[in-house]
Amino acid sequence: MRTRLRRIVVAAVALLTAATGTLPAAAADRPDDRGRREHPSAGGLSAVIRYTEYGIPHILARDHADLGFGTGWAQAADQVCTVADGFVTVRGERSRFFGPDAATDFSLSSAARNLSSDLYFRGVRETGTVERLLARPAPAGPSRTAKELMRGYAAGYNAWLRQNRITDPTCEGAAWVRPITTLDVAARGYALAVLGGQGRAVDGITAAQPPTTGSTTPSGTAPDPARTARAAGELFAADSADMGSNAVAFGGSATANGRGLLLGNPHYPWQGGRRFWQSQQTIPGRLDVAGASLLGTPTVSIGHNAHVAWSHTVATGVTLNLHQLTLDPADPTVYLVDGAPERMTKRSVTVAVRGGTPVTRTQWWTRYGPVVTGLGSSLPLPWTTTTAYALNDPNATNLRASDTALGFGTARSTADVLGTLRRTQGLPWVNTIAADSGGHTLFTQSQVLPRITDELAQRCSTPLGRATYPASGVAVLDGSRGDCALGRDRDAVEPGIFGPAALPTLRDAPYAENSNDSAWLANADRPLTGYQRVFGTIGTARSLRTRGALEDVAALADRGGLTVRDLQRQQYTNRVPAADLAAADAAKACAALPGGTATGSVGRAVDVSEACGVLAAWDRTTDTGSRGALLFDRFWRKFPAAQQWKVPFSAADPLGTPHTLNTDAPAFATALADAVAELRAANIPLDSPLGEHQFVVRGGKRIPVPGGTESLGVWNKVESVWNPAGGGYTEVSTGSSYLLAVGWDGGRCPVARTLLTYSQSSNPASRHHDDQTRLFSGERWVTSRFCEKDILSSPALRVVRVGDHR
């Protein structure tokens with residue numbers, strides 16, 4: 001049977017290779033190969049999918065349309081309900097199927113309710129925004145190859161729906177699971193592109209309405225600059241807490257064989273539409289790449305090929321800016337630019353609503369973008385009779401990320417990765433960290449950002465902007481002045497964004513690391529400076545996760561002789577930087593409390609004497625068996641960050657400060673008392689193993705989850721919902737997702753270990769619903785099968801030939 005199966009696979013490979021032919025390397029490296037004929041638009045697509053352990057598909061295709069077909073098919077097989085839900089979102093149909101007041105899953109925008117989500121995405125659809133971007137010639141628009149991938153993905157997804165029965169109870173028999181189009185696939189890519197700009201402000205865009213005729217709005221309702229600056233700083237800092245990442249590349253000087261190493265540890269949601277999905281995509285002679293894709297997208301986002309590996313981390317660059325409009329006193333829908341009036345564009349959008357009449361709302365757009373009345377509830381931007389705010393999002397014209405991914409997939413070095421970024425300029429909100437088989441490393445903050453230079457902000461900021469820009473990087477420019485336009489860099493693919501020369505980049509350092517702080521200390525010995533404030537800060541305090549990560553990777557680089565096994569160990573070290581700085585002092589101060597008691601926040605004395613010994617004995621890790629990790633975590637969350645340290649941050653010692661736990665602060669004893677009282681009220685022993693209270697449930701059974709929270713600074717980050725009545729931390733909400741450790745040993749195949757922490761399939765009926773999650777619980781890895789000999793030797797090999805059979 002094994003021999004017969006091998007012959008079938010070899011025959012399929014030979015057929016596809018013959019159909020494809022062998023292309024010169026230069027042609028294979030071009031994502032927009034205009035000279036090559038792809039399939040005509042009328043169906044006929046097919047692919048061969050070889051499944052190996054843990055349900056990982058290796059998709060073999062003749063061209064990009066076929067590759068998209070196989071990818072769409074295989075994603076639907078694993079994630080049809082989650083993927084379908086996202087397409088309901090980008091069509092603006094959530095209210096129709098789920099009701100207008102239900103909450104979204106926040107995977108494709110920050111909209112709080114389905115109605116506001118639909119009003120925004122229906123507006124995008126009805127104005128032909130995505131169609132116009134698809135029609136733009138490359139490089140400003142997507143290449144023909146990228147569009148073929150999208151077309152194939154839609155066809156593959158639809159073919160799976162026609163030929164299979166849905167068994168996932170989440171959407172079995174649901175009317176909202178429907179065929180999709182190329183436009184739907186592109187619209188999903190668009191939603192991801194604007195996630196940090198218009199997507200962040202959906203509620204404020206769809207709620208924006210001019211003051212009623214004849215009304216006067218008191219000047220006191222104008223945003224307070226200091227309060228708005230604080231809110232903006234907190235809003236954008238929260239991004240790395242909710243969805244961040246770690247990644248490190250080691251150069252040849254630090255490795256055992258002079259070749260590069262890469263460890264990627266992205267932190268993404270464990271549920272919903274922003275999950276990763278793992279695959280290998282192969283077009284013989286043209287493309288061979290393995291890694292993880294965001295659901296609903298046809299390209300590999302994070303991964304490796306035979307020569308180079310890369311990962312991404314959420315960057316600190318602010319992907320939007322505001323223009324403060326001076327309004328015509330006679331009409332609040334008219335604004336002035338250089339004294340001349342310009343009328344806002346009125347867009348009426350109608351949304352179908354389940355069980356009710358359709359809802360029509362008006363949106364207001366300007367030369368700068370939509371009028372917005374807030375960036376979330378904490379940052380209101382009132383539309384008064386004299387002033388309104390328009391949001392500029394440069395990624396609202398960016399549909400280039402697929403070409404960036406395709407370029408990465410064919411890269412042969414970190415230089416090629418950087419060249420791809422410079423050519424396509426397609427990544428909206430992430431940094432790139434890469435290593436290659438030649439021993440080179442790369443860190444670059446190659447984001448699509450509004451071209452806000454410090455000079456422009458100084459010259460054109462309104463009083464509000466003079467507060468928000470230094471504090472958060474959010475520029476508020478004077479929209480009444482034509483000389484405050486963003487301008488154009490000569491090397492930028494389009495106006496209003498920074499060109500590649502302005503982007504913080506570090507090449508060929510012994511290590512390059514990022515944990516969602518700014519580019520400043522990608523390497524502590526080679527700090528990056530000179531970039532504009534909109535990219536992030538310089539000389540400011542780093543997070544505990546950044547401090548811990550840089551301590552670890554710098555020590556590894558100094559030690560040298562590194563291999564992939566060292567990367568695997570780093571991922572699961574589960575060291576708690578906060579505990580290394582504070583646990584011993586906390587235990588000592590606890591033991592010194594008079595009578596072993598402390599007063600909680602409600603004024604009640606709590607016996608904390610047991611906690612002292614638990615903290616002293618704790619191993620200072622967040623392994624599932626660690627006793628004391630849960631107690632310290634709850635205590636640390638309750639101890640206000642502003643009061644934690646005696647020695648403040650110093651830019652002269654950014655990795656060593658702040659330090660020394662401030663046990664003299666009244667908040668110390670209060671936090672300890674509250675943590676102890678909280679655990680006892682939930683009947684959780686103070687020395688209970690972490691894994692008994694931090695877990696996910698699969699098949700009705702708990703799977704312990706290792707790792708720690710953002711505030712603790714743990715590399716292996718997980719964030720969970722605290723539910724003491726339910727036993728402690730329950731379902732993990734976000735954290736370590738697609739783990740990737742890659743190196744090279746001189747052979748033809750890279751040395752790669754991977755893990756998809758929440759497993760391939762969201763269908764509880766699938767055997768791949770929890771298999772990799774159990775590996776994660778045991779701190780294990782999957783050995784990547786990249787080369788043909790490894791794929792064909794898999795004991796779990798299953799071959800499926802899929803086609804568009806009508």
Side-chain angles (χ1 to χ4, degrees), residues 25-33 59 64 67-68 71 138-139 142-143 145-146 148-150 189 192-193 245 247-249 260-264 266 276-283 286-294 297-315 398-438 440-448 493 500 503 505 507 512 514 738 740-744 750 752 754 784 786:
D29 285 348
R30 289 197 302 268
D32 188 15
D33 183 13
I59 303 161
H64 287 88
L67 186 65
T71 302
S143 67
T145 300
E148 284 293 284
L149 262 178
M150 296 177 200
L192 291 170
S245 300
V248 60
L261 290 170
L262 179 109
L263 174 60
F276 285 115
W277 175 83
Q278 188 175 358
S279 71
Q280 181 174 358
Q281 297 181 324
T282 305
I283 303 174
R286 302 186 71 192
L287 176 71
D288 198 7
V289 59
S293 308
L294 287 173
T297 65
T299 55
V300 169
S301 304
I302 290 173
H304 70 91
N305 58 29
H307 307 284
V308 64
W310 66 93
S311 194
H312 297 303
T313 60
V314 175
N398 173 20
L399 209 59
R400 302 183 294 271
S402 291
D403 283 300
T404 302
L406 286 169
F408 283 8
T410 58
R412 301 180 66 87
S413 65
T414 57
D416 287 348
V417 170
L418 188 59
T420 293
L421 289 165
R422 289 173 171 170
R423 181 180 68 253
T424 62
Q425 299 174 33
L427 295 183
W429 35 265
V430 292
N431 305 303
T432 300
I433 298 89
D436 65 27
S437 59
H440 303 285
T441 63
L442 172 69
F443 164 86
T444 181
Q445 189 178 348
S446 292
Q447 284 184 265
V448 176
V493 74
L503 309 178
T505 299
R507 301 183 66 177
N514 186 262
Y738 176 67
L740 177 67
V742 182
W744 294 268
T754 69
S784 175
F786 183 79

Item to check | F786: ring pair (Phe, Tyr, Trp, His ring centres under 6.0 Å) partners, not counting sequence neighbours | outcome: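 H304.
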
So, taking the atom named [atom1] in [X] and the one named [atom2] in [Y], what distance separates them when rounded to the nearest 0.5 Å?
| X | Y | atom1 | atom2 | value |
| --- | --- | --- | --- | --- |
| R400 | Q425 | CZ | CD | 6.5 Å |
| T444 | N514 | OG1 | CG | 11.0 Å |
| I59 | T282 | CD1 | OG1 | 8.5 Å |
| L406 | T424 | CG | OG1 | 9.5 Å |
| T414 | R507 | OG1 | CZ | 6.0 Å |
| T145 | D403 | OG1 | CG | 7.5 Å |

Does [X] reach the main-chain N or O of [Y] with its side chain, forming a donor-acceptor pair under 3.5 Å?
| X | Y | result |
| --- | --- | --- |
| Q447 | P428 | yes |
| D416 | T410 | no |
| R412 | H307 | no |
| S293 | T299 | yes |

Determine whether [X] and [Y] make a side-chain contact, defined as any pair of heavy atoms from C-beta on separated by less than 4.5 Å.
| X | Y | result |
| --- | --- | --- |
| F443 | T505 | no |
| I283 | H64 | yes |
| V248 | I433 | no |

Write down the atom of [X], the atom of [Y], and the distance for their closest heavy-atom approach.
| X | Y | result |
| --- | --- | --- |
| A752 | V742 | CB-CG2, 4.1 Å |
| L503 | Q445 | CB-O, 3.8 Å |
| G260 | W744 | O-CE3, 3.3 Å |

Checklist entry - Taking only residues two or more places apart in sequence, or in another chain, which ones meet H312 in a side-chain contact (heavy atoms from CB on, under 4.5 Å)? => result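 side-chain contact (heavy atoms from CB on, under 4.5 Å) list for H312, sorted by chain: I302, W310, F408, L427, V430, T432.
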
Item to check | Residues D288 and Q280: side-chain donor-acceptor under 3.5 angstrom | outcome: yes

Checklist entry - Is it true that the side chains of T313 and S245 contain a donor and an acceptor less than 3.5 Å apart? => result no

Next on the checklist: Under the rule for side-chain hydrogen bond (donor to acceptor under 3.5 Å, both in side chains), what residues qualify as partners of S402, not counting sequence neighbours?
Outcome noted: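 Listed in chain order: nothing, the list is empty.
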
